[in-house]
Each structure stands twice: as C-alpha cells, then as structure tokens.
Amino acid sequence: VQLQASGGGSVQAGGSLRLSCAASGFIFGSYYMGWFRQVPGKEREFVAAIFGNDGGIKYSDSVQGRFAISRDNAKNAVYLQMNSLNVEDTAVYYCAAAPRRSVVIVIPTRHNEYMYWGQGTQVTVSS
C-alpha cells in the first residue's frame, strides 16, 4: 500500500495550493480518503474527508468554506484545494485511507480510524 502526497510548498497568506495524493495497493473506491495536518507538538488534526464527490464529504470548522476535497477513482487520487490560506494553516499535511465498514456513509474524523497513511507534505503560509 502506498499513499504519495504532493503539492505542498510555501505561499503567502491569502494564496492557494492544491495537494494531491496518489494511492495504490488497495481498492481505492471502497475507502474513505482524508486529509489531516500536524504541527510540531500538537496532535494530528482532521482537515477533510470524502467518500463520494456527490456526497459524503466533511470538513473541519477551521477550513470549511476555504478548502475543497475531491477524488478521482479512475486515477486512484484524492485532492485538497486550499484557498484563502492563512498562517494557521501551516503544517505537514497527510493523506489517509479508512475502510468503509458499513452501508451507511459515516465520514471518519479521528486519526485512529484511518488504516493507511502517506508520508506528508509541508505547507508553509507566511504573512
């Protein structure tokens, strides 16, 4: 199993970045895909997760309205479009995969619900 995150970088406040995560080694369409972020000394924080592009999406309050998550099951990829970035968004961003365990779509938001993790990509926002 591999999750390869990319697209991080440095940007000024108010700018945008698009993160990508390429997945392999598991049945991508059967998994929730999520993005988390972490800064040194703090716990990993839920950012957004998705099951389907037409439903089953959840955002943290801190990014709601600024970030957009999407996925392309044909490419085994998940994306995070980040707009109106601010200094508080600075973190290492991780993509993760959680298996769907029930018929009802319930978006997982806790990091221990996720089975597979990528290596992380640094996002730095300067004022």
Original post:
Okay, side chain of Y59, backbone of I69: is any donor-acceptor separation there less than 3.5 Å?
Top reply: yes
**OP:** Measure the shortest side-chain to side-chain distance between S20 and K75 over non-hydrogen atoms and say whether it is less than 4.5 angstrom.
**Re:** no
Original post:
Is R71 positioned over the aromatic face of F28, cation under 6.0 angstrom from the ring centre and no more than 45 degrees off axis?
Top reply: yes
Original post:
Would M82 and V125 count as a side-chain contact (heavy atoms from CB on, under 4.5 Å) if you check the C-alpha gap in whole Å, the side-chain angles of each, and the deciding distance to 0.1 Å?
Top reply: CA-CA 11 Å; M82 306 186 295; V125 184; over 6 Å; no
Original post:
When hydrophobic residues are tied together by side-chain contacts of less than 4.5 Å, even through go-betweens, does V78 share a cluster with I57?
Top reply: yes
Original post:
Going hydrophobic residue to hydrophobic residue with side-chain gaps under 4.5 angstrom, can you get from F26 over to W35?
Top reply: yes
Original post:
With respect to L17, which candidate in T121, V11, N83, T124 satisfies the side-chain contact (heavy atoms from CB on, under 4.5 Å) definition?
Top reply: V11
**OP:** Specify the closest pair of heavy atoms between A91 and Q122, including all atoms of both residues, with the distance to one decimal.
**Re:** O-NE2, 3.4 Å
Original post:
Got more than 12 heavy atoms from elsewhere within 6.0 Å of CD, Q2?
Top reply: no
Original post:
Does the side-chain contact (heavy atoms from CB on, under 4.5 Å) test come out yes or no for V1 and M115, once each step is laid out?
Top reply: CA-CA 10 Å; V1 171; M115 181 176 293; over 6 Å; no
Original post:
Nearest 0.5 Å, what's the OG1-CD1 distance between T109 and I107?
Top reply: 9.5 Å
**OP:** Following the transitive rule for hydrophobic clusters with a side-chain heavy-atom cut-off under 4.5 Å over Ile, Leu, Val, Met, Phe, Trp and Tyr, establish whether V47 and Y94 coincide in one cluster.
**Re:** no
Original post:
Is there a side-chain contact (heavy atoms from CB on, under 4.5 Å) between T90 and R37 once you walk through the steps?
Top reply: CA-CA 9 Å; T90 295; R37 65 188 182 186; over 6 Å; no
Subject >> Cluster link V92 to Y116, ILVMFWY, side chain under 4.5 Å >> reply: no
Subject >> ring pair (Phe, Tyr, Trp, His ring centres under 6.0 Å), paired with F46, selected from F36, F67, Y32 >> reply: F36
**OP:** Nearest 0.5 Å please: distance from the CE atom of M33 over to the CG atom of N73.
**Re:** 10.0 Å
Original post:
Backbone N or O of P108 within a donor-acceptor pair of the Y114 side chain at under 3.5 Å?
Top reply: yes
Original post:
What distance do Q64 atom CD and K58 atom NZ have between them, rounded to the nearest 0.5 Å?
Top reply: 10.5 Å
Original post:
Given side chains that start at C-beta, do those of V123 and L19 come closer than 4.5 Å, heavy atoms only?
Top reply: yes
Subject >> Minimum heavy-atom distance S127-A13, with the two atoms named >> reply: CA-CB, 4.3 Å
Subject >> Euclidean distance, S10 OG relative to L85 CG, rounded to 0.5 Å >> reply: 11.5 Å
Subject >> Q119 side chain vs Q4 backbone, donor-acceptor pair below 3.5 Å >> reply: no
